[in-house]
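On a predicted model such as this, the values are computed, not experimentally measured, just so you know. For this chain, numbers begin at 1 and follow the sequence in order.
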Amino acid sequence: MPGQRCAVVTGANKGIGFHCVQQLHAELDGTYDVVLTSRSAERGQAAAEELRSAAPAGSERIIYRQCDIASDESVEALRSWIAAEYGGVDLLINNAGFAYQVGRSCHIPTL
């Protein structure tokens, strides 16, 4: 919903990113939607469901969107969705990792 505040955590299906989503949801007390992203839709959706089921209240504010930061198309799809839904990002934790391969260049577009 435009006007609602948006926090995005990339690479959030496990580890530090997962716990960032958990803490943001608890600390922001319903004032933000927390968007969990991951490269794998299956793992990301499972992580979002786990967080929602453990959330005491407002679990609908944990939202999953697929995003592979190594794919310009995937990042653009997330950017377009965020622009349409929220008008932009209010808080971003860029936790997603990326391993560069020798001889391969990669442009990571910004949200």
Side-chain angles (χ1 to χ4, degrees):
M1 84 172 65
Q4 175 60 40
R5 299 190 77 166
C6 173
V8 177
V9 183
T10 65
N13 63 292
K14 62 182 178 178
I16 293 170
F18 180 90
H19 291 287
C20 285
V21 171
Q22 188 176 46
Q23 284 300 118
L24 285 170
H25 179 263
E27 296 294 324
L28 296 174
D29 196 29
T31 59
Y32 283 70
D33 283 351
V34 182
V35 180
L36 177 159
T37 76
S38 68
R39 181 177 49 213
S40 164
E42 182 179 321
R43 288 186 295 231
Q45 290 169 344
E49 284 302 315
E50 181 180 341
L51 287 164
R52 286 184 201 118
S53 68
S59 64
E60 72 281 356
R61 302 201 68 127
I62 298 171
I63 299 165
Y64 175 72
R65 295 297 291 191
Q66 190 279 334
C67 184
D68 179 353
I69 66 162
S71 165
D72 290 350
E73 294 81 18
S74 183
V75 172
E76 177 56 29
L78 177 64
R79 190 208 61 77
S80 294
W81 178 80
I82 289 170
E85 291 293 315
Y86 300 100
V89 174
D90 295 293
L91 187 152
L92 171 66
I93 298 176
N94 188 16
N95 177 68
F98 181 82
Y100 288 94
Q101 297 175 358
V102 175
R104 178 177 179 224
S105 63
C106 181
H107 167 70
I108 307 295
T110 60
L111 293 176

> Spell out, as yes or no, whether a donor-acceptor pair under 3.5 Å connects the side chain of N13 to the backbone of A47.
no
> Please report the closest heavy-atom contact between I63 and E60, naming both atoms and the distance.
CG1-O, 3.9 Å
> Minimum heavy-atom separation for D33 to R61, with atom names?
OD1-NE, 3.0 Å
> For a quick test of reading the model, state the closest non-hydrogen atom pair linking G44 to Y64 and the distance between them.
CA-CE1, 3.4 Å
> State whether the number of non-hydrogen atoms from other residues, nucleotides or ligands found under 6.0 Å of L91 atom CG is greater than 12.
yes
> Name the residue from L24, T37, L36 that meets the side chain to side chain contact (heavy atoms under 4.5 Å, CB included) definition with V9.
L24
> Please report the closest heavy-atom contact between H25 and G58, naming both atoms and the distance.
NE2-O, 3.0 Å
> In this structure, are over 12 heavy atoms from other groups packed under 6.0 Å from R39 atom CZ?
no
> How about D90 and Y32: does a side-chain donor come under 3.5 Å of a side-chain acceptor?
no
> Under a plain distance cut-off of 3.5 Å, with no hydrogens placed, do E76 and S80 share a side-chain donor-acceptor pair?
yes
> Are the side chains of Y86 and Q4 in touch, meaning some heavy atoms are under 4.5 Å apart?
yes
> I'd like to know if the side chain of R65 reaches the main chain of L78, judged simply by a donor and an acceptor atom lying under 3.5 Å from each other, with no hydrogens or angles considered.
no
> Please report the C-alpha distance between V34 and L51 in whole Å, then the side-chain angles of each, then the deciding distance to 0.1 Å, and finally whether the side-chain contact (heavy atoms from CB on, under 4.5 Å) criterion is met.
CA-CA 11 Å; V34 182; L51 287 164; over 6 Å; no
> Within the distance-only criterion (no hydrogens, no angle test), does the side chain of S38 pair as donor or acceptor with the backbone N or O of G11 below 3.5 angstrom?
no
> For residues L28 and I62: do they belong to one hydrophobic cluster (side chain heavy atoms under 4.5 Å, members Ile, Leu, Val, Met, Phe, Trp, Tyr)?
yes
> Within the structure provided, determine whether V35 and C6 are in side-chain contact (heavy-atom separation under 4.5 Å).
yes
